[in-house]
Amino acid sequence: MPHAANGDVGVTRQGGDSDTKRVLESLDPVPPHQRTWTAWTYTSMWAGISVQPTSFIFGAALLGLGLSLAESAVALVLGNCLLLVPLVLNAFPGAKYGIPFPVLARSVFGLRGAAIAVLLRGLVGVGWCGFNLWVGAQALSDFLGRVAPRLETTAPPNGVSPLQGVMLGVFVLLHFGALWAGVARLQPMLRVSSWIQCLGALALTIWVFSSATFSELVAATEELRHDANNNNSRLIRVLVGATAACSGWSTLALNIADLSRFAASRRAVIWGQVFMFPLANICCPLIGALALGATRHLYGTSVTTTSWNLTAMFRYWPPAAGSIAALVFAWSIFTTNLVANVLSAGNDFASITPKFVGFRGGCLISIAGGVALNPWSTFASASGFVNGFMVCYSIVTGAILGVMLVDYSLVKRQCLSTTDLYKTRGGDYEYTRGFNLAAWMSVVVAVIPCLPGLVSVSEHGFSVNNGDSEVWVLLYDLAWPVTVILASILYGGLHLMTVEHTGKVKDEFAEPLLRDGLPSVNLS
């Protein structure tokens, strides 16, 4: 691979399919004249990406965790408003320099260390991919079970029925087919799918509020949350719910630069997120919780929190309505998973090793990894989904975010050198052989206090009653805010104790590179 002299930008537009080359080109800074996204653009974006099946499932999962509707509302408000602050702050570098997350991470973690941060984000995407593959397979099997009842068989506990296994294979092949078609050919399908999702969400909302009075819906959700038999205090339940609400978008809080790089101004990033982000991510989960409550109200005590992922809810509906709902749900899961998890993780893996993996190879890794997680067992319960997955990965995403926030605002003083960011060696972001040891030390130390609680909770099978009186478990329950705060303090303290980079802060844009046709960078 050719490199420019003295460690300047390396030309890496080599090998791979056209989608891989597109990934590499996407690492270039966005020229100022192409930064056209307004506050309305970001408002519309959040309205679109929040109206998706997982948002509604999360609300129902909170009932399965033992939270009442009021407690869920408090947890959602607290969690989303708490996440909004770093989400906006971490968007500023992208808005100022037009650079994506994999490049921004080089300023924080080093030219080589950034690949670890990108890899960790990709692994979270693999987990979400596995969850969506399993939920989509369940929705397809429910659809076929309604259309052809003879095909339906009972699944063993934490296992897979023959029909579900076949539908999981079909769902995986559907993803493979979309990847084979190529990203460019998916655009029309995705535009149609966004309308289907919005219309489906609207239909679900109308059905919920036409099925019962609000007081009856609240009473039904109370019955459901008592089924969970959560003996923890109200405060603990709310805090766990708030942490999970933060976790849901904590990966996007890391890579928000991928979106803010197109902003016309920093003001557009602020006002475009400050209203719609919390509004959409509070309302959609609450609708999901009320939908499960409405099903309980209409069809009786046979509807329990085991229907928390909403696919089982459709079994109680009239055959025609349940079949259509299951099919729309499966399609929405497919398109959401493809864009938000498979393509995103594929981008991550391809940006790390484009010559060896490539974009399609990265996507295949994310799908295979999702199946390898045994999602039918990992996500068998609401507590496994929330406590065992969402809260768990927030340990790492919170620590990385804490370091990123302090690095840009305090250490770099909101000034970056885009020339050095696109070097393959040397420059301000070489640190120690390509790794910012202080940053990674802060991440590791911030994660450690949450690990004993993780072990304790896992020993209880991530159940809702997991010994929350233990201080270590409490730290785990609050994993995201705890690691954000600890990593911020540790990294800020290490910076104040050293003077290694105080003379290196410079504010340098990449216009000369853009004029010459800036090549992409290999993050390996």
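Note that the coordinates shown come from a computational prediction; the quantities given were computed from them, not determined experimentally.
- Ring pair F131/W308 is parallel by interplanar angle, where below 30° counts as parallel and above 60° as perpendicular.
- W271 and F275 have parallel rings, their planes meeting at less than 30° on a 0 to 90° scale where 60° marks the start of perpendicular.
- Between the side chains of T38 and T41, at least one donor-acceptor pair of N or O atoms lies under 3.5 Å.
- Going from atom CG of N337 over to atom NE2 of H175 covers 4.0 Å, rounded to the nearest 0.5 Å.
- Nearest heavy-atom pair, Y422 versus P29, reported as atom, atom and distance to 0.1 Å: OH-CD, 3.1 Å.
- Proximity of the aromatic rings of W440 and F109 is defined here by a centroid distance below 6.0 angstrom, and this criterion is met.
- A donor-acceptor contact shorter than 3.5 Å links the side chain of T335 to the backbone of S332.
- Of the possible polar contacts, none joining the S250 side chain to the S394 backbone as a donor-acceptor pair under 3.5 Å is found.
- Within the 4.5 Å cutoff, the side chain of L252 has heavy atoms near those of the L259 side chain.
- A donor-acceptor contact shorter than 3.5 Å is absent between the side chain of T483 and the backbone of V447.
- Here the CZ atom belonging to R106 is positioned 7.5 Å from the CG atom belonging to L421, to the nearest 0.5 angstrom.
- Closest approach of G370 and P375 over heavy atoms only: O-CD, 3.5 Å.
- A distance-only check finds a donor-acceptor pair linking the side chain of Y431 to the backbone of S107 [under 3.5 Å].
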Chi angles and distances behind the ring pair (Phe, Tyr, Trp, His ring centres under 6.0 Å) call for W37, Y42: CA-CA 7 Å; W37 288 20; Y42 288 101; 5.3 Å; yes

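- A side-chain N or O of S50 and one of N281 form a donor-acceptor pair less than 3.5 Å apart.
- A distance-only check finds no donor-acceptor pair linking the side chain of K96 to the backbone of S265 [under 3.5 Å].
- Looking only at side-chain heavy atoms (C-beta outward), I333 and F171 come within less than 4.5 Å of each other.
- Seen from the ring of F92, R266 counts as a face-on cation partner, given the 6.0 Å and 45° thresholds.
- Side-chain contact between V118 and S351: present, with at least one pair of heavy atoms (C-beta onward) separated by less than 4.5 Å.
- In this structure, a donor-acceptor pair under 3.5 Å is absent between the side chains of Q273 and T43.
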Y491 vs V411, side-chain contact (heavy atoms from CB on, under 4.5 Å): CA-CA, chis, key distance, verdict: CA-CA 9 Å; Y491 188 59; V411 178; 3.8 Å; yes

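- Checking side-chain atoms of N436 against main-chain N and O of G110 turns up no donor-acceptor pair under 3.5 Å.
- With values rounded to the nearest 0.5 angstrom, M390 atom CE is found 10.0 Å from W249 atom CH2.
- From Q52, atom CD reaches atom OG of S194 across 13.0 Å, with rounding to the nearest 0.5 Å.
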Test side-chain contact (heavy atoms from CB on, under 4.5 Å) applied to Y429 and K423, step by step: CA-CA 9 Å; Y429 311 119; K423 289 182 176 179; over 6 Å; no

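- Atom CG of D407 sits about 13.0 Å away from atom CD1 of I400, to the nearest 0.5 Å.
- A 4.5 Å side-chain heavy-atom check between N90 and Y408 finds every atom pair outside the cut-off.
- Counting all heavy atoms, side chain and backbone alike, P449 lies closest to L475 at O-CD1, 3.7 Å.
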Trace of the side-chain contact (heavy atoms from CB on, under 4.5 Å) decision for F385 with T378: CA-CA 7 Å; F385 173 57; T378 305; over 6 Å; no

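- Considering every non-hydrogen atom in both V126 and L373, the closest pair reads O-CD1, 4.0 Å.
- Residues F334 and A178 approach most closely at CZ-CB, 4.0 Å, considering heavy atoms.
- Side-chain contact between L76 and L62: present, with at least one pair of heavy atoms (C-beta onward) separated by less than 4.5 Å.
- In terms of heavy-atom proximity, A95 sits nearest to A263 at CB-CB, 4.3 Å.
- Not a single donor-acceptor pair under 3.5 Å links the side chain of R112 to the backbone N or O of F435.
- A salt bridge does not link E430 with R425: none of the charged nitrogens is closer than 4.0 Å to a carboxylate oxygen.
- Put simply, the side chain of W480 reaches to within 4.5 Å of the side chain of L401, judged on heavy atoms.
- At least one donor-acceptor pair under 3.5 Å links the side chain of D420 to the backbone N or O of D428.
- Remark: the backbone N or O of D477 is paired with a side-chain donor or acceptor of T243 at under 3.5 angstrom.
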From CA spacing to verdict: side chain to side chain donor-acceptor pair (under 3.5 Å), T336, Q197: CA-CA 10 Å; T336 300; Q197 287 186 201; 3.0 Å; yes

Side chain to side chain donor-acceptor pair (under 3.5 Å) between W128 and Y393, intermediate numbers included: CA-CA 11 Å; W128 277 109; Y393 74 70; 3.1 Å; yes

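- In terms of modelled atom types and a separation under 3.5 Å, the side chain of Y97 and the main chain of L416 share a donor-acceptor contact.
- Counting only heavy atoms from C-beta outward, the side chains of L364 and F176 approach each other to under 4.5 Å.
- Under the 4.5 Å side-chain criterion, counting only non-hydrogen atoms from C-beta, V88 is not in contact with V274.
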Verdict with reasoning, L120 to T397, per side-chain contact (heavy atoms from CB on, under 4.5 Å): CA-CA 8 Å; L120 290 172; T397 57; over 6 Å; no

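- Between L451 atom CG and I395 atom CD1 the span is 6.0 Å, to the nearest 0.5 Å.
- Under 3.5 Å, the side chains of T419 and S417 contain no donor-acceptor pair of N or O atoms.
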